Amino acid sequence: MISYMKSEVGIIGLGAIGGAFLTNISEKGFACIGYDKETSRYGRLRQRAKGAEFAVSLDEFFERLEKPRRVIMFLPHDKVDEAVESLVSYLRESDVLIDAGNSHFLQTEKRISFFNARGLEFAGVGVSGGIEGALKGASIMFGGKEETYRLFFEIFEASSAKFNGESCQALVGKGASGHLVKMVHNGIEYGLMELIAEVYQILRKAYGFSNSEIANIFAVWNKGELNSFLIEITSKILHKKDNETGQDLIDVISDAADQKGTGKWTVKTAVDSNVAIPTIDAAVSMRIISSLRKQRERLASVFNKTKAEGASNLQIEALEKALLLGFIATYEQGFSLIRAVSRQKGYDCDLAKIAKIWRAGCIIRSGLLNKICRVFEDESNEIFISRLFLEQVKEAYNDLKRVCVFALERGYPLMALTASFNYLNAISSLRLPTNLIQAQRDFFGNHGYERIDQKGIFHTLW
Ligand code: 6PG
């Protein structure tokens, strides 16, 4: 009988992200073993993940793991149930199965209960940073029990990104909070991407700048307050030439934007939790509209919008400030959602910690997060009205207004920028016109209304 050195951790699902993560931890010196139903993936991976072992069956995989067995799955969310079904019989008390994919946090809650009822541990962990992050350092959002987290601490500490030496992994809260936080991270990602696309549209159409000129503008912005991964890659994207035609690659890419679902989940969760996240909502709507190619073509042929009139007097700096305020509004909405769901579910999420581990490694990393982190650490306050942001918000408000007016006059779709502007307007309004909605509800449905001058519920025979 062959005796193997046991592995400290096992990785299931060796697609792009799982394979990169296995490579990362094997390079960090962890004794690890990988398993994938498609063993054809092992060939190339063996070259990269040199220290890793590979199992040809689940029997071998579990046999070669030291106890308690620590298993991390990197699977598409719709493959998790099937995987859990095949894995559960191998697991024994004290073993832990981690789902490090993009699962819905409510599914993760159900799986935690299922496991706990059998004396087993299951945890949902958000991992962001794409393939590069999984390979070189991701942002890792662990949700669950402190003792389970401790079992994986060293692995995640070693494999996570670092911000000024601080690692971007943490226990973000209880229960399924890891997947809640990752889902909202993705919702924020949708918002920021749509805001950037809208500003790109203005620079391209109204100013008539070339893609490389816009790339240079984004590169300059990336050195200022907008410093972020998404602005950085936008600049790189806009410089890229197409190998086939020699044109700017961006100009030959279809405008139908795809989505895997985490943005939609964020919006649904927000509605269910009574939290308004209009910028993220707008971004999801734009992805949906972008895919309606035929409908857009039909309408475009009959619906004449105002013709663009050139750049006029809108300053580029106003666009920068407007985009910055859009970013702030998106983060504000995302954190509000995490705060609300965390309270409803008793997850006890630590917002400062979350902002901290989003400062490097993940897709939404940005200089703003460092400031947001200080807001939550120092004041545990809302972002907009915090000492660190209020003046900046006030100043950028007029720029955002100018940009919205400018682009709307030209008939550009501006869902996310206007949503951010309207959000700020609405949440800073002392009196909204929703008194009329209350009156209408009472008119047609006897729903009653409250008065501003007396206590109680009133009803009128209209
Ligand atoms: C990350 C990304 C990652 C993935 C998105 C893409 O944090 O590393 O968010 O999870 O790229 O899920 O999402 P869409 O396909 O929905 O745009």
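Note that ligands are numbered from 1 as they come in the structure, with each ligand's atoms numbered from 1 the same way. No experiment lies behind these values; they were computed from the predicted model shown.
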Quiz item: Can you tell which of H77, H179, K182 makes a side chain to side chain donor-acceptor pair (under 3.5 Å) with N102?
Solution: K182
At less than 4.0 angstrom from any non-hydrogen atom of [X], what atoms of ligand 1 do you find?
X: N186; result: 5 (C), 7 (O), 9 (O), 10 (O), 12 (O)
X: G129; result: 1 (C), 7 (O), 8 (O)
X: H185; result: 7 (O)

Which residue and heavy atom of the protein sit nearest [atom], plus the separation:
atom: atom 9 (O) of ligand 1; value: E189 OE1, 2.6 Å
atom: atom 17 (O) of ligand 1; value: R287 NH1, 2.7 Å
atom: atom 16 (O) of ligand 1; value: Y190 OH, 2.4 Å

Quiz item: Do R204 and Q201 touch side chain to side chain, with heavy atoms closer than 4.5 Å?
Solution: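 Sidechains of Q201 and R204: no contact.
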Quiz item: Is any NZ, NE, NH1 or NH2 atom of the basic residue among D248 and K240 found under 4.0 Å from an Asp or Glu carboxylate oxygen of the other?
Solution: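 The answer is no: the pair does not qualify as a salt bridge.
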Quiz item: Under a 4.0 Å N-O cut-off, is there an ion pair linking R343 with D348?
Solution: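 Here R343 does not pair with D348 in a salt bridge, since their nearest N and O are not under 4.0 Å apart.
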Quiz prompt | Lys/Arg cation over aromatic F389: K371, 6.0 Å, 45° cone | solution = yes
Quiz item: Does the cation-pi check pass for R69 over Y90, that is, NZ or CZ under 6.0 Å from the six-membered ring centre and within 45° of its axis?
Solution: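 No, cation not above the ring by the 6.0 Å, 45° rule.
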Under 3.5 Å: N/O of [X] near N/O of ligand 1:
X: S128; answer: yes
X: G130; answer: yes
X: Q259; answer: no

Quiz item: T330 and Y190: side-chain donor and acceptor closer than 3.5 Å?
Solution: no
Exercise. Mind telling me whether F74 and F21 have parallel, tilted or perpendicular rings, with 30° and 60° as the class edges?
Key: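 F21 vs F74 ring planes: tilted.
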Quiz item: Just heavy atoms, cut-off under 4.0 Å: does E132 contact ligand 1 by side chain, backbone, both, or neither?
Solution: neither
Quiz item: Counting heavy atoms only, which of I17, I188, N102 comes nearest to atom 10 (O) of ligand 1?
Solution: N102
